[in-house]
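All chains are named by letter (A, B, ...) in the order of the sequence lines, taking the proteins before the strands, and each is independently numbered beginning at 1. Side chains included, hydrogens not; waters and symmetry mates left out as well; all remaining heavy atoms used.
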2 protein chains.
Amino acid sequence: MLRGMQTSADIAERLLEALLAGKFEPGSRFGEQDLAAVFGCSRTMVREALTRLSARGLVNVSPRRGWYVVEVTREQAQEVFESRRIIEVGILNNARQVSPESLRRLDAHIKRQKASFSRDNAGLRSFLLGDFHVCLAQCLGNSILAESLRDLTVRTTLAAMRFQSWKDATRSFNEHREIVEILHAGDLAAAASAMSAHLGTWDVKLSVPSERDSVSLLREALQPVDRPARDLHTRSVAKSRPARPARSTS
Amino acid sequence: MLRGMQTSADIAERLLEALLAGKFEPGSRFGEQDLAAVFGCSRTMVREALTRLSARGLVNVSPRRGWYVVEVTREQAQEVFESRRIIEVGILNNARQVSPESLRRLDAHIKRQKASFSRDNAGLRSFLLGDFHVCLAQCLGNSILAESLRDLTVRTTLAAMRFQSWKDATRSFNEHREIVEILHAGDLAAAASAMSAHLGTWDVKLSVPSERDSVSLLREALQPVDRPARDLHTRSVAKSRPARPARSTS
DNA sequence: CCCGCTTATCTTGTATACCTGTTCTGGCGT
DNA sequence: ACGCCAGAACAGGTATACAAGATAAGCGGG
């Protein structure tokens with residue numbers, strides 16, 4: 001039973017982190033009671049947390065059926081990347097300079113990313129690779145867009161899972177490091193270019209695989225899953241039910 | 001008693017619209033029971049709606065005291081404008097072209113804005129002037145950023161109210177119309193410039209008034225209010241209480 | 001043996017009850 | 001008369017109860 005400051009905001013945060021860490025497949029179902037049991041609280045809190053995530057577009061609710069991790073469509077995924085490029089490149093181009101403190105923070109973050117490779121922790125790695133972008137936005141002084149980026153990085157992760165457009169983690173890390181180096185040099189325009197390229201390599205891959213038809217979907221779904229259960233609170237979610245219209249709420 | 005599809009998303013939407021229409025001052029208090037009475041539902045729904053708004057950063061909750069329309073600080077206001085410029089200019093620069101249908105939609109929106117001037121409806125006017133930016137983002141094919149812009153336009157309105165940085169509505173409208181004309185000509189880069197200028201005139205004004213000290217705050221507060229009560233659901237909110245630490249949630 | 005219908009169970013949707021912290025008000029003391 | 005303290009009223013925080021819809025299981029007919 002996961003504890004510690006059980007407000008609905010905490011629960012939402014926890015779920016968001018897990019999402020960013022890639023612990024839930026798109027389309028996974030979140031049962032209110034299961035989550036309540038896991039977090040040791042009542043359904044009320046869970047519902048509030050899920051409502052928060054819903055408002056941020058990370059989960060959908062299908063009436064009387066449950067909450068489902070969003071299944072980003074290909075078009076939406078393109079939009080996500082477009083949005084990220086606009087925001088992240090925009091922030092870099094808009095910034096005047098990077099404070100020494102921010103540079104230190106970024107260095108520390110890079111170090112954490114690096115460390116996550118030695119420890120074999122795919123979840124943490126995924127989380128940090130996404131979180132870097134949020135951290136960068138914060139360091140550049142725009143916490144509003146940083147917050148938006150949190151949602152977008154999560155959706156990126158989900159889109160990547162869905163379309164299996166894996167970007168090599170090592171490569172991502174190297175590009176992150178490169179960006180930070182450029183920032184140390186103070187060349188924000190160059191950093192913006194590097195960021196644009198960094199994001200570009202993602203969606204190129206994303207657009208490569210052919211459109212997903214129901215046959216390939218089936219074939220893929222029926223592949224044996226040799227991946228073991230991953231983590232504590234992964235266990236509480238049943239895999240997605242047959243699927244039904246789920247409405248996305250504000 | 002306001003009715004019609006009383007889901008929490010609807011209520012949140014309604015509140016957001018009212019916020020964008022400038023019907024609530026920053027710092028206004030939303031009483032759960034009052035809202036429940038107004039919407040003819042239970043506190044549960046109201047809480048859910050407010051939770052949604054809270055997740056989008058439009059209201060804060062002060063524990064055991066209530067929900068308050070966010071009071072954007074000057075620094076946050078600057079961030080809002082920076083974010084808007086990054087997003088809106090970015091979208092325009094990123095777009096390839098504008099579809100005829102989108103142009104029609106924009107024309108229609110301009111027409112509605114124009115109409116709102118003849119009818120003397122300040123709320124509707126404020127709403128439409130903000131909504132135009134959202135509409136534009138949607139027309140340019142990025143509904144994700146359009147959604148983010150909804151929050152940002154609301155915060156812009158709130159910041160403007162707080163710092164009394166009124167931008168002349170007629171001027172805003174003219175600039176909107178100009179932008180749409182440029183889009184008709186197909187010059188997206190020029191449109192981006194126009195948008196940048198459009199947003200620029202706002203925050204210039206915003207930065208002009210000096211920092212607000214408690215004395216001027218009092219003097220201002222004690223001015224006689226000759227403005228009559230505006231609309232139905234404005235009546236349900238008590239003016240802000242003395243103020244206390246309100247924490248902003250995710 | 002398979003398909004369709006009915007019934008049971010499970011899960012969410014919504015309201016409400018109760019608890020707790022905050023604010024307001026009245027009384028007391030200085 | 002002012003300020004402080006205590007009690008009451010009020011509002012939000014949380015859990016729970018009950019209703020309604022959806023899924024799954026069981027049963028009967030073709």
Note, A:Gln76 side chain near B:Ile144 side chain (heavy atom, < 4.5 Å):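 No. Closest side-chain heavy atoms not under 4.5 Å.
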Heavy-atom side-chain proximity of A:Leu152 to A:Phe81 below 4.5 angstrom: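 A:Leu152 vs A:Phe81: side chains apart.
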First of A:Arg43 and B:Arg43 reached from the 5' end of DNA chain C, by closest nucleotide: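 Going by which nucleotide is closer to the 5' end, it is A:Arg43.
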Would you kindly give the [atom1]-to-[atom2] distance between [X] and [N], to the nearest whole Å?
X	N	atom1	atom2	value
B:Tyr68	D:dG12	OH	C1'	11 Å
A:Arg64	C:dC10	CZ	C1'	13 Å
B:Glu48	D:dG13	CD	C1'	15 Å
A:Arg47	D:dT16	CZ	C1'	14 Å
A:Asn60	C:dT12	CG	P	15 Å
A:Met45	D:dG12	CE	C1'	13 Å
B:Leu50	D:dT14	CG	P	15 Å
B:Phe39	C:dT14	CZ	C1'	17 Å

B:Thr44 side chain near C:dT14 phosphate (N/O to OP1/OP2, under 4.0 Å):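 So the side-chain polar atoms of B:Thr44 never come under 4.0 Å of the phosphate oxygens OP1 or OP2 of C:dT14.
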B:Arg65 vs C:dT23: side-chain N/O to OP1/OP2 distance below 4.0 Å: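 Indeed, a polar side-chain atom of B:Arg65 lies that close.
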Which one, [options], comes nearest to the side chain of [X]?
X	options	result
B:Arg29	D:dA11, D:dG13, C:dG13	D:dA11
A:Gln33	C:dA15, C:dC19, C:dT12	C:dT12
B:Ser42	C:dT16, C:dG13, D:dG13	C:dT16

Which atom of A:Thr73 lies closest to which atom of A:Phe163, heavy atoms considered: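 That would be C-CZ, 3.6 Å.
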For B:Arg65 against B:Arg29, the heavy-atom pair lying closest together: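 Here B:Arg65 and B:Arg29 meet closest at O-NE, 3.0 Å.
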A:Arg155 side chain to A:Val72 backbone, donor-acceptor under 3.5 Å: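 Not at all, since once roles are kept as given, no pair shorter than 3.5 Å links the two residues.
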